[in-house]
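For reference, positions follow the sequence shown, starting with 1.
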Amino acid sequence: MQPIRVILLPGAVLPAEPAYNALIKALGPDVQAVAKDLELYAGDEPPADWTLDTEVNGVLREADALGWETFHLVGYSGGGAAALAFAAKHADRLLSLALLEPAWAGSWDWSPAHAELWKKYEQLEALPPEQFLSAFMRLGVRPDVVLPPPPEDPPPPWMAKRPAGIKAFLRTFKSYDLERERLAAFPRPVFLALGGLSNPDDYGEIASRLARVFFPDFHLEVFPKRHHFDPPHRIEPERLADLLRRHWEAAEGSSPAAA
């Protein structure tokens, strides 16, 4: 039996290996999971022409280098937005799609509350780096959630790239054309994990809108005690691994390639 082949895309803060290490261990040896870093951080600064398509092309190169004609794709936060862009453009390469609170899901059908929230995200760009990350995190959770203080230890070197990287995501979200019609035509199973303590006007609204795209096979799983900055792939990896394995096994059992 062939192993399950998966590419995992991280968000805009943690690199891929620390983001997904616990989940990969929980998935076990019969899942060939590749945690791929974002193209955004390949250099010291985000490329001037970087968009979600840069990440889409990076996933294609990774899959081709692995010799994978088809595979499962998982994306968290900014990586989730990139995964949606990949599904819209290269549905034929995917056996399934799994989204862990995608940071953005197109510019159509926004609720008034979501539109107001994005005005606040746009205002973050004027903040100095030492204020940016804390303000960014505050917008992503419910008002009563207590976020941990910054660690006392010096930050790792890669952290210096993160404010510019998040700002690059915010900029491309303003102009990128994620086509709803292409997503609606995506024929494979779609799984979405949502934290119960995340900002409902942000990630909850995105989950609701994606459910209305009318994917033929869409499953939403809520993790009541989680939020965007203590996500299930790091805090509840065993539960998420079990859900993802079921998702992938069902997808491979129903896919034309598997048949």
Side-chain angles (χ1 to χ4, degrees), residues 3-38 40-41 55 58-59 62 71-87 94-105 133 136-137 140-142 145 147-148 151 156 158-159 162 165-166 169 188-199 202-204 206-207 210 218-251:
I4 296 171
R5 300 170 302 199
V6 185
I7 293 177
L8 305 129
L9 299 178
V13 180
L14 273 184
E17 193 280 330
Y20 285 118
N21 182 50
L23 178 63
I24 290 172
K25 288 181 179 177
L27 288 170
D30 57 337
V31 176
Q32 190 176 353
V34 175
K36 181 194 176 301
D37 279 310
L38 297 176
L40 179 65
Y41 297 125
E55 301 301 333
V59 172
E62 185 78 17
F71 55 95
H72 304 276
L73 183 60
V74 177
Y76 160 70
S77 193
L84 280 167
F86 190 96
L94 293 184
L95 295 169
S96 77
L97 179 65
L99 304 166
L100 313 176
E101 292 201 347
W104 179 83
L133 280 176
F136 171 75
M137 292 175 66
V141 298
R142 289 181 177 272
V145 170
L147 291 169
W158 50 259
M159 184 60 78
R162 269 43 193 179
I166 295 170
F169 268 113
R188 303 300 188 196
V190 179
F191 171 92
L192 194 149
L194 177 66
L197 300 180
S198 294
N199 188 336
D202 194 348
Y203 306 106
I206 286 172
L210 287 176
F218 179 84
H219 177 74
L220 172 67
E221 190 74 26
V222 177
F223 289 73
K225 297 181 179 180
R226 302 276 69 81
H227 61 68
H228 197 70
F229 302 105
D230 67 346
H233 56 279
R234 290 196 289 114
I235 311 301
E236 297 185 49
E238 291 81 9
R239 180 187 170 198
L240 181 61
D242 181 60
L243 292 165
L244 287 174
R245 288 179 64 94
R246 290 190 224 169
H247 170 66
W248 297 330
E249 289 165 3

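- Interatomic distance, NE2 of H219 versus CG of L192, reported as 10.0 Å (0.5 Å rounding).
- Between E101 and P231 there is no side-chain heavy-atom pair separated by less than 4.5 Å.
- Under the 4.5 Å side-chain criterion, counting only non-hydrogen atoms from C-beta, L244 is not in contact with V6.
- When all heavy atoms are compared, the tightest approach of F218 to A207 is CZ-O, 4.2 Å.
- D230 places a side-chain N or O within 3.5 Å of a backbone atom of H227 that can act as its donor or acceptor partner.
- Taking each heavy atom of W248 and S96 in turn, the nearest pair found is CD1-OG, 3.3 Å.
- Closest approach of L95 and P189 over heavy atoms only: O-CD, 3.7 Å.
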For this session: Evaluate the criterion side chain to side chain contact (heavy atoms under 4.5 Å, CB included) for residue pair L197 and F223; output intermediate values, then yes/no.
Result: CA-CA 9 Å; L197 300 180; F223 289 73; over 6 Å; no

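- Taking each heavy atom of S77 and G11 in turn, the nearest pair found is CB-CA, 4.0 Å.
- In this structure the side chain of I235 never reaches within 4.5 angstrom of the side chain of K225, judged on heavy atoms.
- A donor-acceptor pair under 3.5 Å links the side-chain atoms of E55 to the main chain of L40, judged by distance alone.
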Exercise. Could you go step by step and tell me if L94 and F71 meet the side chain to side chain contact (heavy atoms under 4.5 Å, CB included) rule?
Worked result: CA-CA 5 Å; L94 293 184; F71 55 95; 3.5 Å; yes

Exercise. Could you go step by step and tell me if I206 and L99 meet the side chain to side chain contact (heavy atoms under 4.5 Å, CB included) rule?
Worked result: CA-CA 11 Å; I206 286 172; L99 304 166; over 6 Å; no

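- The salt bridge (charged side-chain N to carboxylate O under 4.0 Å, His left out) search around E17 returns none, not counting sequence neighbours.
- Evaluation of the salt bridge (charged side-chain N to carboxylate O under 4.0 Å, His left out) rule for D37 yields no partner, not counting sequence neighbours.
- For the atom pair L8 CG and L100 CG, the distance stands at 8.5 Å (nearest 0.5 Å).
- For the atom pair OH (Y76) and CG (L14), the distance works out to 7.5 Å, reported to the nearest 0.5 Å.
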Problem set entry | Worked check of side chain to side chain contact (heavy atoms under 4.5 Å, CB included) between L210 and V190 | CA-CA 10 Å; L210 287 176; V190 179; over 6 Å; no

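- In this structure, the side chain of H247 engages the main chain of L97 through a donor-acceptor pair within 3.5 Å.
- Nearest heavy atoms, A33 versus I24: CB-CG1, 4.0 Å.
- Distance check: F191 CZ to H72 NE2 gives 13.5 Å after rounding to the nearest 0.5 Å.
- With values rounded to the nearest 0.5 angstrom, W104 atom CH2 is found 8.5 Å from L84 atom CG.
- Side-chain N or O atoms of R234 include one that pairs as donor or acceptor with a backbone N or O of F229 at under 3.5 Å.
- In plain terms, the two heavy atoms of G80 and P102 that are nearest each other are C-CB, 3.8 Å.
- Panel note: side chain R5, backbone V34; no donor-acceptor pair is recorded below 3.5 Å.
- Between H228 and Y203, the ring planes are parallel. Angles under 30° get that label, and only those over 60° would be called perpendicular.
- Looking only at distances, a side-chain donor or acceptor of R162 sits under 3.5 Å from a matching main-chain atom of V13.
- Salt bridge status for E221 with R239: present, with a side-chain N to carboxylate O gap under 4.0 Å.
- A distance of 12.0 Å separates CD of E236 from CG of L23, quoted to the nearest 0.5 Å.
- Here the side chain of R245 pairs a donor or acceptor atom with the backbone of L27 at under 3.5 angstrom.
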